[in-house]
Amino acid sequence: MTEDNQQSVWQVIVAIPAGKVASYGQVADLAGLPRAARWVGRLLKNLPADSTLPWHRVVRADGRLAFATGSERYQRQQQRLRAEGVLLRNNKINRQYFQY
DNA sequence: TGAGTGACTTGAG
DNA sequence: ACTCAAGCCACTC
């Protein structure tokens, strides 16, 4: 995929306000890339560790995090979200999704 | 060339 | 509420 697509995805993600979340598919749609949910996930996976991008605000469509429950990355994301007031109930997000 | 694999989603049982 | 299957797209052997 192109640099432009990558740019669009990043713009969408930085536009997600603290305290809200968006799903991978939602991010893809807003970036003008329908059906590219997996691609968005791969993009975040390859994200440099020092990136300031709020990647933690991107979750699965069903409200669960994309990582195995309790895993290292899972807990890191959960902690970031909790710092913004987004709590998990039964492994699922308890706050509203980003509306556009 | 092709099978396997995900930081995914949706629909059917 | 849970599991399965299929669709999805790029990457890796």
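Source: prediction; values computed, not measured. The chains referred to below are lettered A, B, ... by the order of the sequence lines, with proteins before strands, and numbering in each begins at 1.
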Original post:
Which heavy-atom pair separates A:Ala36 from A:Ala28 by the least distance, and what is that distance?
Top reply: C-CB, 3.8 Å

Subject >> Counterpart residues, side-chain contact (heavy atoms from CB on, under 4.5 Å), relative to A:Arg42 (two or more places apart) >> reply: A:Trp39, A:Asn46

**OP:** Take A:Val9 and A:Val27, measure what side chain to side chain contact (heavy atoms under 4.5 Å, CB included) needs, and give me the verdict at the end.
**Re:** CA-CA 7 Å; A:Val9 170; A:Val27 169; 4.0 Å; yes

Original post:
Can you hop from A:Leu47 to A:Val12 via hydrophobic side chains spaced under 4.5 Å?
Top reply: yes

Mind listing the side-chain donor-acceptor pairs of residues 52-63 of chain A below 3.5 Å, one per line with the distance, residues two or more places apart or on another chain?
from: A:His56; atom 1: NE2; to: A:Glu84; atom 2: OE2; distance (Å): 3.0
from: A:Arg57; atom 1: NE; to: A:Glu84; atom 2: OE1; distance (Å): 3.1
from: A:Arg57; atom 1: NE; to: A:Glu84; atom 2: OE2; distance (Å): 3.3
from: A:Arg57; atom 1: NH1; to: A:Ile16; atom 2: O; distance (Å): 2.8
from: A:Arg57; atom 1: NH2; to: A:Glu84; atom 2: OE2; distance (Å): 2.7
from: A:Asp62; atom 1: OD1; to: A:Arg64; atom 2: N; distance (Å): 3.0

Subject >> Between CG on residue A:Leu43 and CD on residue A:Gln6, distance to nearest 0.5 Å >> reply: 5.0 Å

Subject >> Stretch residues 9-21 of chain A: residues that reach within less than 4.0 Å of DNA chain B through a heavy atom >> reply: none

Original post:
For A:Ala66 and A:Tyr24, which heavy atoms make the closest approach, and how far apart are they?
Top reply: CB-OH, 3.3 Å

Original post:
Using the C1' atom in both, what is the distance from B:dT1 to C:dC13, to the nearest Å?
Top reply: 12 Å

**OP:** Go ahead and write out DNA chain C as dot-bracket, 5' to 3': ( ) for pairs within the strand, [ ] for ones crossing earlier pairs, | when the partner sits on another strand, dots for unpaired; Watson-Crick or G-U wobble, both distances under 3.5 Å.
**Re:** .||||||.|||||

**OP:** For A:Tyr74 and A:Thr69, work out which heavy atoms get closest and say how close.
**Re:** CD1-CA, 3.8 Å

**OP:** Under the side-chain hydrogen bond (donor to acceptor under 3.5 Å, both in side chains) rule, collect the residues that match up with A:Gln99, sequence neighbours excluded.
**Re:** none

**OP:** Kindly write out the residues that satisfy side-chain hydrogen bond (donor to acceptor under 3.5 Å, both in side chains) with A:Lys45, not counting sequence neighbours, or none if the list is empty.
**Re:** none

Subject >> Qualifying residues under side-chain contact (heavy atoms from CB on, under 4.5 Å), relative to A:Pro34, sequence neighbours excluded >> reply: A:Asp29

**OP:** Using heavy atoms and a sub-4.0 Å distance, could you list which residues of residues 41-61 of chain A are near DNA chain B? By number, please.
**Re:** A:Gly41, A:Arg42, A:Leu44, A:Lys45, A:Trp55, A:Arg60, A:Ala61

Subject >> C:dA6 versus B:dA3 - spacing of their P atoms, nearest Å >> reply: 15 Å

Subject >> Boundaries of the chain A footprint along DNA chain B (any atom under 4.0 Å from a heavy atom) >> reply: B:dG6 to B:dT10

Original post:
Who are the side-chain contact (heavy atoms from CB on, under 4.5 Å) partners of A:Val86, not counting sequence neighbours?
Top reply: A:Val21, A:Leu81, A:Ile93, A:Arg95

Where do N or O atoms of nucleotides 3-8 of chain C meet protein N or O atoms at under 3.5 Å, pair by pair?
none

Subject >> Under 3.5 Å: donor-acceptor pair, side chain of A:Gln26, backbone of A:Ser23 >> reply: yes

Original post:
Hey, does the side chain of A:Ser51 reach the backbone of A:Pro48 with a donor-acceptor pair shorter than 3.5 angstrom?
Top reply: no

**OP:** Output the distance between atom CZ (A:Phe67) and atom CZ (A:Arg76), rounded to the nearest 0.5 Å.
**Re:** 7.0 Å

